[in-house]
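Atoms considered below: every heavy atom in the structure, side chains included; atoms not considered: hydrogens, waters and symmetry mates. Letters A, B, ... mirror the listed sequences (proteins, then strands); counts begin at 1.
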Amino acid sequence: MLKVYNTMSRKKEDFHPLEKGKVSIYCCGVTPYNDPHIGNARPFVTWDAIRRYFAKKGYEVKYIQNFTDVDDKIIAAAKREDVTWREISDRYIEAYFKVMDDLNIHHADLYPRVSETMEDIISMIQTLVNKGFAYVLGNGDVFYDVTKDEHYGKLSGRKLDDNEAGARIEIDGRKHHPMDFALWKSAKPDEPFWPSPWGKGRPGWHIECSAMSLKYLGEKFDFHGGGADLIFPHHENEIAQSQAAIGDENSFAQYWLHNGFITIDHEKMSKSAGNFFTVKEILEKYSGEVVRFFLLQTHYRSPLDFSEDRIKEAQTAYSRLATSKDYLFDLIKKMDSGDVGFGGMGSTAITVSKAGGLAEMAERLLTLFYDAMDDDFNTSLAISHMFELSKEINIYYNEIMNSGVSGINQISESDAKIIYRVRDVYMEMAGIIGIFEKAVKAVDENAEFKLIDDLMEIIIANRQAAREAKNWAIADDIRDKLKAAGIILEDTAQGVRWKRA
RNA sequence: GGCGAUAUAGCCAAGUGGUAAGGCCGAGGUCUGCAAAACCUCUAUCCCCAGUUCGAUUCUGGGUGUCGCCUCCA
């Protein structure tokens with residue numbers, strides 16, 4: 001049974017989908033006004049792993065993620081650069097996709113934008129006004145009236161009176177209650193605007209997510225997610241306005257999931273504080289898969305400190321897993337190309353299966369992997385099971401490579417089947433974590449990679465000749481130069497392996 | 001001030017009422033022309049105090065530390 005931690009109840013709950021076999025997810029997206037930073041990446045990587053997991057379990061997943069493309073910060077950026085707000089939002093939406101693609105993040109089923117959802121937003125505000133949950137000021141501003149909402153504060157656990165004490169914001173005297181929030185803002189000069197029953201203006205923050213999720217997922221859907229800082233006020237307000245508009249306090253999202261923050265030197269990273277790393281700059285030194293792996297090595301709700309040391313560590317750990325993957329594919333490549341002489345029926349009978357234990361281990365670890373994911377998507381624990389399988393694969397690989405006089409010629413047919421199965425298990429785990437996709441694809445589908453593959457064979461063969469002549473200077477020189485070029489050679493008792501750094 | 005998290009080895013990080021996964025780093029070893037990779041061995045009693053219990057790191061209460069939200073923020 002899948003359990004998820006629901007912020008609403010502050011505990012883990014059994015997950016029951018609203019509709020059998022289907023999962024609907026709304027994840028708060030970004031306001032596209034600058035390059036996404038590593039903190040932005042966390043929720044999207046998290047949700048990507050979650051939806052991959054649901055898909056793997058056979059659910060039909062519907063995943064919606066918005067772009068808040070009408071916003072103060074976008075307008076401000078546009079003014080700074082003397083371009084239109086749309087240029088800014090288009091530019092950074094593009095930047096968003098570029099970076100997320102590098103992180104192997106599957107695209108959402110839909111990326112609604114505020115600017116394209118205006119009618120729905122306006123009609124929702126109208127409903128709230130009609131029902132008496134919102135009031136219109138003389139200048140055309142519309143506010144949500146929190147005092148009309150007896151359930152207000154149920155997600156964040158806040159009471160209306162508690163919030164005033166330490167609030168450092170200047171209270172807008174036109175509001176009926178300090179916690180009232182804007183649904184519609186009348187346009188100031190030089191600002192983009194849309195016509196509405198209350199005059200020219202644009203939506204306030206919060207209402208867009210309500211309108212979009214209801215439009216595309218209906219009055220009830222399974223998950224709503226985002227960063228922990230969105231709990232209040234953003235999600236609180238979404239709940240308030242949505243449930244008020246629908247008239248059902250059990251409507252809207254059923255499970256609220258919030259990821260923890262990324263910190264830099266244990267301080268919260270934030271754009272305003274200036275202590276942030278964009279994903280782009282991290283990707284200059286580390287692959288998207290490593291960044292992704294780094295994020296998933298910690299449970300999504302825990303805080304996560306980012307630093308050069310941490311990401312380096314993740315890269316080393318990732319390489320370890322990748323080595324086992326390479327071992328498996330190496331074995332299979334040899335088997336498929338006929339380098340492996342199968343023992344045939346006669347010799348199979350006298351060959352003790354070396355892979356038997358591995359097969360058992362793989363199945364057990366796969367089960368544990370799923371158990372971990374079932375426990376509130378514990379990718380950290382799930383990955384640890386992958387490491388255990390990795391070790392078993394390495395042991396088997398070394399054993400089989402060291403067993404024959406001429407390398408691997410000891411694989412019985414039954415063991416071969418096991419190797420394929422272990423490959424599938426290992427790649428299934430990797431597929432949920434979302435790693436080993438670029439490299440695998442590259443070899444299969446990329447002609448240039450095939451070429452490099454062939455070239456490497458030539459280089460290695462020549463270097464081997466030098467080694468046989470004990471010309472270590474040339475052999476080492478070739479290895480050093482390849483390393484400088486980004487290719488690592490490993491001389492083993494069973495032959496030479498190469499991989500990209 | 002209100003609300004909410006969290007405290008596990010040198011570092012990172014899971015987890016359980018019955019003496020603690022995994023990763024990184026470090027030490028020694030196997031293999032090896034060297035290097036690398038891989039493998040083997042070694043490295044914790046879980047912030048403090050009190051309580052519940054046969055037994056708590058795991059539950060309860062208190063304390064302390066750290067972090068976050070209450071203002072745009074993933």
Could you please name the option among [options] that lies closest to any side-chain atom of [X]?
| X | options | answer |
| --- | --- | --- |
| A:Phe261 | B:A74, B:G33, B:C39 | B:A74 |
| A:Lys268 | B:G68, B:G2, B:C40 | B:G68 |
| A:Thr323 | B:A74, B:A38, B:G33 | B:A38 |
| A:Phe232 | B:A37, B:C70, B:C34 | B:C70 |
| A:Asp491 | B:A35, B:A74, B:C24 | B:A35 |
| A:Glu267 | B:C67, B:C69, B:G33 | B:C67 |
| A:Ala317 | B:C34, B:G22, B:C24 | B:C24 |

[N] OP1/OP2 closer than 4.0 Å to side-chain N/O of [X]:
| X | N | answer |
| --- | --- | --- |
| A:Asn40 | B:A74 | yes |
| A:Arg320 | B:C39 | yes |
| A:Lys499 | B:A36 | no |
| A:Lys391 | B:C40 | yes |

Nucleotide N/O to protein N/O under 3.5 Å, stretch nucleotides 7-16 of chain B:
{"from": "B:C11", "atom 1": "O2'", "to": "A:Arg310", "atom 2": "NH1", "distance (Å)": "3.3"}
{"from": "B:C11", "atom 1": "O2'", "to": "A:Arg310", "atom 2": "NH2", "distance (Å)": "2.9"}
{"from": "B:A13", "atom 1": "O2'", "to": "A:Ser380", "atom 2": "OG", "distance (Å)": "3.0"}
{"from": "B:A14", "atom 1": "OP1", "to": "A:His299", "atom 2": "N", "distance (Å)": "2.9"}
{"from": "B:A14", "atom 1": "OP1", "to": "A:Ser302", "atom 2": "OG", "distance (Å)": "3.0"}
{"from": "B:A14", "atom 1": "O3'", "to": "A:Asn378", "atom 2": "ND2", "distance (Å)": "2.8"}
{"from": "B:G15", "atom 1": "OP1", "to": "A:Asn378", "atom 2": "ND2", "distance (Å)": "2.8"}

Give a yes or no answer on whether the side chain of A:Arg292 reaches the backbone of A:Gly434 with a donor-acceptor pair at less than 3.5 Å.
->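 Looks like yes, one N/O pair under 3.5 Å.
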Judged by atom type as modelled, is there a donor-acceptor pair below 3.5 Å linking the side chain of A:Asp48 to the main-chain atoms of A:His106?
->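 Side chain of A:Asp48 to backbone of A:His106: a pair is present.
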Looking for any heavy atom pair under 4.0 Å, which part of the strands does [X] touch: base, sugar-phosphate only, or nothing?
| X | answer |
| --- | --- |
| A:Lys73 | sugar-phosphate |
| A:Met386 | nothing |
| A:Gly225 | nothing |
| A:Asn394 | sugar-phosphate |
| A:Arg10 | sugar-phosphate |
| A:Ala228 | nothing |
| A:Ile262 | base |
| A:Phe387 | sugar-phosphate |
| A:Asp476 | base |
| A:Tyr327 | sugar-phosphate |
| A:Gly226 | sugar-phosphate |

B:A37 and B:G23: how far apart are their P atoms, nearest whole angstrom?
->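 Pairwise P distance, B:A37 against B:G23, rounds to 15 Å.
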Distance between C1' atoms of B:G22 and B:A13 (Å, rounded) |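 Rounded to whole Å, the distance is 8 Å.
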Can you name the salt bridge (Lys or Arg N to Asp or Glu O under 4.0 Å) partners of A:Asp14, sequence neighbours left out?
->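 By the salt bridge (Lys or Arg N to Asp or Glu O under 4.0 Å) rule, A:Asp14 matches A:Lys3.
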For A:Lys79, check salt bridge (Lys or Arg N to Asp or Glu O under 4.0 Å) against everything at least two apart and list the hits.
->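 Per chain and number, A:Lys79 pairs via salt bridge (Lys or Arg N to Asp or Glu O under 4.0 Å) with no residue.
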Non-hydrogen atoms of A:Val146 and A:Asp180 that approach each other most closely =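 In terms of heavy atoms, the two residues are closest at N-OD1, 2.8 Å.
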Looking at A:Phe277, A:Phe306, A:Tyr318, which one forms a ring-ring contact (aromatic ring centres under 6.0 Å, His included) with A:Phe294?
->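 Option passing the ring-ring contact (aromatic ring centres under 6.0 Å, His included) with A:Phe294: A:Phe306.
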